[in-house]
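Single-structure report; data block below.
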Amino acid sequence: MERRAEPAAALLVACALRIERAALRSGGERGAPDGYAVLRTGMGPRAADLAVARALAGPGGDRTAVLATGFCAGLVPGMNPGDLIVAEETRDPRGTVTCDGTALLAEALARAVPGATVHLGALTGSDHVVRGQERAQLRATGAIAVDMESAATLWTATRGARDARGALDRRGPVAAVRVIVDAPEHELVRIGTVRGGISAFRVLRAVLPAFFDWHRSSLLPRR
C-alpha cells in the first residue's frame, strides 16, 4: 500500500539547535494556529535545506508560512546579546530572498518583548562561525547579522516547491527573526553556547506571540 505524505504545517518555525527549540517550546503555544510546528533542522545550510524540503513535501507545503529563527551573530558595533534581527532579506551564494511582512513583524516583536532593540536589515548566510575580520567584511556588504541556516531555510522554502512541470509553485509567506547572542564587542567562544548570552535565550522564548501575529496577518487579503 502506498503511504500518503503527511500534510505540511500551516506555520513552520525552523531552528537549528536543541537549545533554540527548547527556548521556543518553553514560551508556550497559546494563540498558535492550527497546523503550527517547530522544526529543528540541525546546524548548517545543508542540514537546513534537507530538513525544510522534507517538511514542505506534504500536501499544502506550497502554502505553508515559513519562519526561520534562533540565535545569530550581529555585525554592527553597538549591538548586544538579546537584540532582535528582523530580516528584510536573506542572502547566500545562491541568491537573495525577500521576506514578507517585515514591518508588521517588527511591531509585533516590540509588543511581545518590551524593551528589546529590534534591527531591520539584510541577514546573510554562512557555512561556518564568523569571527573577527570576516565579520567586518560581511558588514561591508550591507548585512547587519549572520547565521548558518536562515538563508538556506528561506531559499528552499521559496525555490524548492515546484509543480509537475518544474515551475516554481510557492505561495506561502517567509520571514526570518534572529536573536543576537554574539556581537562585535561580545564574541562567544562558540555560537552554539549560551553561556554569557542568557538574555538571548530569554528573548527567544518570548517571541512566539509575534510569530503568530505575523502568520495571522499573512492570511489577510493582499491589496
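Only a predicted model underlies this, so the values are computations on that prediction, with no experimental measurement involved.
Atoms CD and CG, from Glu134 and Leu138 in turn, are 5.5 Å apart once rounded to the nearest 0.5 Å. Once rounded to the nearest 0.5 Å, the distance linking CG of Leu11 with CZ of Phe211 reads 9.0 Å. Atom OG1 of residue Thr158 and atom CG of residue Leu56 lie 10.0 Å apart, to the nearest 0.5 angstrom. If you take OG1 on Thr69 and CZ on Arg178, they are separated by 6.0 Å, rounding to the nearest 0.5 Å. Taken to the nearest 0.5 Å, the CG atom of Leu105 stands 9.0 Å off from the CG atom of Leu84. Between the CG atom of Leu75 and the OG1 atom of Thr124 there is a distance of 8.0 Å, given to the nearest 0.5 Å.
Across all their heavy atoms, Ala157 and Val52 have their closest contact at N-CG1, 4.3 Å. Shortest non-hydrogen contact noted between Ala106 and Val118 is CB-CG1, 4.1 Å. Trp155 and Gly95 make their closest contact through CZ3-CA, 3.8 Å (heavy atoms, listed as atom of the first residue, atom of the second, distance). Closest heavy-atom contact between Ala206 and Ala112: O-CB, 3.7 Å. Nearest heavy-atom pair across Met43 and Leu17 is CG-CD2, 3.2 Å. Nearest heavy atoms, Leu204 versus Leu24: O-CD2, 3.9 Å.
Leu50 and Met148 end up in different hydrophobic clusters when Ile, Leu, Val, Met, Phe, Trp and Tyr side chains are linked at under 4.5 Å. Following chains of ILVMFWY side-chain contacts shorter than 4.5 Å, one can reach Leu120 starting from Phe71, so the two form part of one hydrophobic cluster.
Under the side-chain contact (heavy atoms from CB on, under 4.5 Å) criterion, Ala145 pairs with Cys72, Ile85, Leu123, not counting sequence neighbours. Residues satisfying the side chain to side chain donor-acceptor pair (under 3.5 Å) criterion with Asp49, sequence neighbours excluded, are Arg94, Thr156. Contacts of Glu107 classified as side chain to side chain donor-acceptor pair (under 3.5 Å), with partners at least two apart in sequence or in another chain: none. Looking at residues two or more places apart in sequence or on another chain, you find a side chain to side chain donor-acceptor pair (under 3.5 Å) between Ser126 and His128. The side-chain contact (heavy atoms from CB on, under 4.5 Å) test applied to Ala68 returns Ser150, Thr153, Leu154, Ala176, not counting sequence neighbours. Listed by chain and number, the residues in a side chain to side chain donor-acceptor pair (under 3.5 Å) with Arg91 are Glu89 (sequence neighbours excluded). Listed by chain and number, the residues in a side-chain contact (heavy atoms from CB on, under 4.5 Å) with Thr117 are Asp83, His119 (sequence neighbours excluded).
Evaluation of the ring-ring contact (aromatic ring centres under 6.0 Å, His included) test over residues 37-65, restricted to residues two or more places apart or in two chains, returns none. Pairs of residues two or more places apart, or lying in two chains, never qualify as salt bridge (charged side-chain N to carboxylate O under 4.0 Å, His left out) while including a residue from residues 10-19. Here salt bridge (charged side-chain N to carboxylate O under 4.0 Å, His left out) pairs that include residues 109-121, with residues two or more places apart or in two chains, are Arg111-Asp213.
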Extract all donor-acceptor atom pairs below 3.5 Å that involve side chains of residues 28-41 and protein atoms in other chains or at least two apart in sequence.
residue	atom	partner	partner atom	Å
Arg40	NE	Ala16	O	3.3
Thr41	OG1	Cys15	O	3.3

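Side-chain atoms of Asn80 come within 3.5 Å of backbone N or O of Gly78 as a donor-acceptor pair. Glu149 places a side-chain N or O within donor-acceptor distance of the main-chain N or O of Gly44, the cut-off being under 3.5 Å. Ser199 places a side-chain N or O within donor-acceptor distance of the main-chain N or O of Pro81, the cut-off being under 3.5 Å. Counting only distance, with no hydrogens or angles, the side chain of Trp214 and the backbone of Asp100 share a donor-acceptor pair below 3.5 Å. The closest donor-acceptor contact from the side chain of Arg63 to the backbone of Gly172 lies at 3.5 Å or more, if one exists at all.
Under the 4.5 Å side-chain criterion, counting only non-hydrogen atoms from C-beta, Val179 is not in contact with Glu20.
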